[in-house]
Amino acid sequence: MIGQLEQQRLRTRHHPTLQPPANFRLRTLGDSWASSQGTRASMRSNRGRDTGPERRLRSSLHREGLRFRVSARPVPTLRRTADVLFTKYKVAVFVDGCYWHGCATHGSIPATNRDFWVAKIEGNKSRDKETDELLVERGWFVVRVWEHTPVEHAVALVRLGLEESQAGRAARALRADVR
């Protein structure tokens with residue numbers, strides 16, 4: 001029986017496209033932002049989509065007969081992905097996590113590696129604001145809700161965005177609560 005290293009060697013010898021690039025370097029924990037292996041494993045396991053709050057919101061919207069796209073780009077050339085997207089009405093919905101987006105009520109900054117996390121969360125908030133501005137400039141209604149926003153309030157805000165879009169009002173950003 002051939003060992004894993006021997007299998008890898010055979011694969012790369014017979015398939016030159018599987019060779020790592022010349023500047024390839026295996027990252028170690030010392031290269032990582034994480035303060036420990038446990039922290040790294042925990043953060044890497046966080047979902048980028050289909051989180052509990054997103055699924056609850058989508059389920060409620062679907063139950064009300066609304067149809068939408070999930071985890072899609074409102075503007076294909078813009079590297080931003082909305083959690084829920086109503087393309088016909090140009091309404092993009094973002095469900096922001098309290099930790100990652102700096103919720104004033106529930107957000108917290110870890111004591112370990114504090115400078116990294118402050119910069120990370122501030123960068124996320126800045127990108128959220130820029131996303132709102134870019135989408136509104138392109139005629140999209142942007143709905144932002146926090147993960148802790150009650151689902152019925154989030155649904156009401158989405159409905160408001162849809163109604164304003166259908167009425168032909170000027171695009172704007174709608175938020176569940178003030179940042």
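Every residue meeting the salt bridge (charged side-chain N to carboxylate O under 4.0 Å, His left out) condition with Arg159, not counting sequence neighbours, appears here in chain and number order: Glu64. Not a single salt bridge (charged side-chain N to carboxylate O under 4.0 Å, His left out) links Glu137 to another residue, sequence neighbours left out. Partners of Lys120 by side-chain contact (heavy atoms from CB on, under 4.5 Å), not counting sequence neighbours, listed by chain and number: Trp100, Phe116, Trp117, Asn124. For the salt bridge (charged side-chain N to carboxylate O under 4.0 Å, His left out) test, residues two or more places apart in sequence or in another chain that qualify with Glu122 are Lys125.
Counting only heavy atoms from C-beta outward, the side chains of Trp140 and Val75 approach each other to under 4.5 Å. Within the 4.5 Å cutoff, side-chain heavy atoms of Val84 are placed close to those of Leu61. Looking only at side-chain heavy atoms (C-beta outward), Ile109 and Tyr99 stay at 4.5 Å or farther from each other. With contacts defined as side-chain heavy-atom distances shorter than 4.5 Å, the pair Val91/Val143 qualifies. Taking the side chain as every heavy atom from C-beta outward, Asp132 and Arg175 approach each other to under 4.5 Å.
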After noting the C-alpha distance and the side-chain angles of Val142 and Leu174, does the key distance pass the side-chain contact (heavy atoms from CB on, under 4.5 Å) rule? CA-CA 6 Å; Val142 178; Leu174 305 165; over 6 Å; no

Could you walk me through whether Phe94 and Leu85 pass side-chain contact (heavy atoms from CB on, under 4.5 Å), step by step? CA-CA 9 Å; Phe94 297 88; Leu85 196 64; over 6 Å; no

Show your reasoning for whether salt bridge (Lys or Arg N to Asp or Glu O under 4.0 Å) applies to Asp83 and Arg58. CA-CA 9 Å; Asp83 298 316; Arg58 292 194 320 241; over 6 Å; no

Run the numbers on Leu57 and Val93 for side-chain contact (heavy atoms from CB on, under 4.5 Å), then give the verdict. CA-CA 10 Å; Leu57 176 61; Val93 182; 3.9 Å; yes

Stepwise, does the side-chain contact (heavy atoms from CB on, under 4.5 Å) test hold for His106 with Trp146? CA-CA 10 Å; His106 303 104; Trp146 291 106; over 6 Å; no

Could you go step by step and tell me if Asp50 and Arg55 meet the salt bridge (Lys or Arg N to Asp or Glu O under 4.0 Å) rule? CA-CA 6 Å; Asp50 296 332; Arg55 289 193 337 262; over 6 Å; no

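The salt bridge (Lys or Arg N to Asp or Glu O under 4.0 Å) contacts involving residues 68-81 comprise Arg80-Glu130, where partners must be two or more places apart or lie in separate chains.
For NE2 of His62, the number of neighbouring non-hydrogen atoms (other residues, nucleotides, ligands) closer than 6.0 Å is 12 at most.
Here the closest heavy-atom approach between residue Val151 and residue Ser60 is recorded as CG1-OG, 3.0 Å. Taking each heavy atom of Pro53 and Val95 in turn, the nearest pair found is CB-CG1, 3.9 Å.
Linking Ile, Leu, Val, Met, Phe, Trp and Tyr residues whenever their side-chain heavy atoms come within less than 4.5 Å leaves Phe86 and Val136 in two separate clusters. Both Val70 and Val155 are part of a single hydrophobic cluster, where members link through side-chain heavy atoms under 4.5 Å apart. Linking ILVMFWY side-chain heavy atoms closer than 4.5 Å, directly or via other members, places Val145 and Val158 in a single hydrophobic cluster. Hydrophobic clustering (side-chain heavy atoms under 4.5 Å, transitive across Ile, Leu, Val, Met, Phe, Trp, Tyr) keeps Phe141 apart from Leu134.
In this structure, the separation between CD1 on Ile121 and SG on Cys103 is 11.0 Å, given to the nearest 0.5 Å. Rounded to the nearest 0.5 Å, atoms CG (Leu157) and OG1 (Thr149) are 8.5 Å apart.
Glu147 places a side-chain N or O within donor-acceptor distance of the main-chain N or O of Cys98, the cut-off being under 3.5 Å. With Arg144 contributing its side chain and Ala176 its backbone, the two residues share no donor-acceptor pair below 3.5 Å.
A donor-acceptor contact closer than 3.5 angstrom links the side chains of Ser59 and Arg63.
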Can I get a per-line list of side-chain donor-acceptor pairs under 3.5 Å for residues 161-171, giving both atom names and the distance, sequence neighbours left out?
from: Glu164; atom 1: OE1; to: Arg172; atom 2: NE; distance (Å): 2.9
from: Glu164; atom 1: OE2; to: Arg172; atom 2: NH2; distance (Å): 2.8
from: Ser165; atom 1: OG; to: Tyr89; atom 2: O; distance (Å): 2.3
from: Gln166; atom 1: NE2; to: Tyr89; atom 2: OH; distance (Å): 3.3

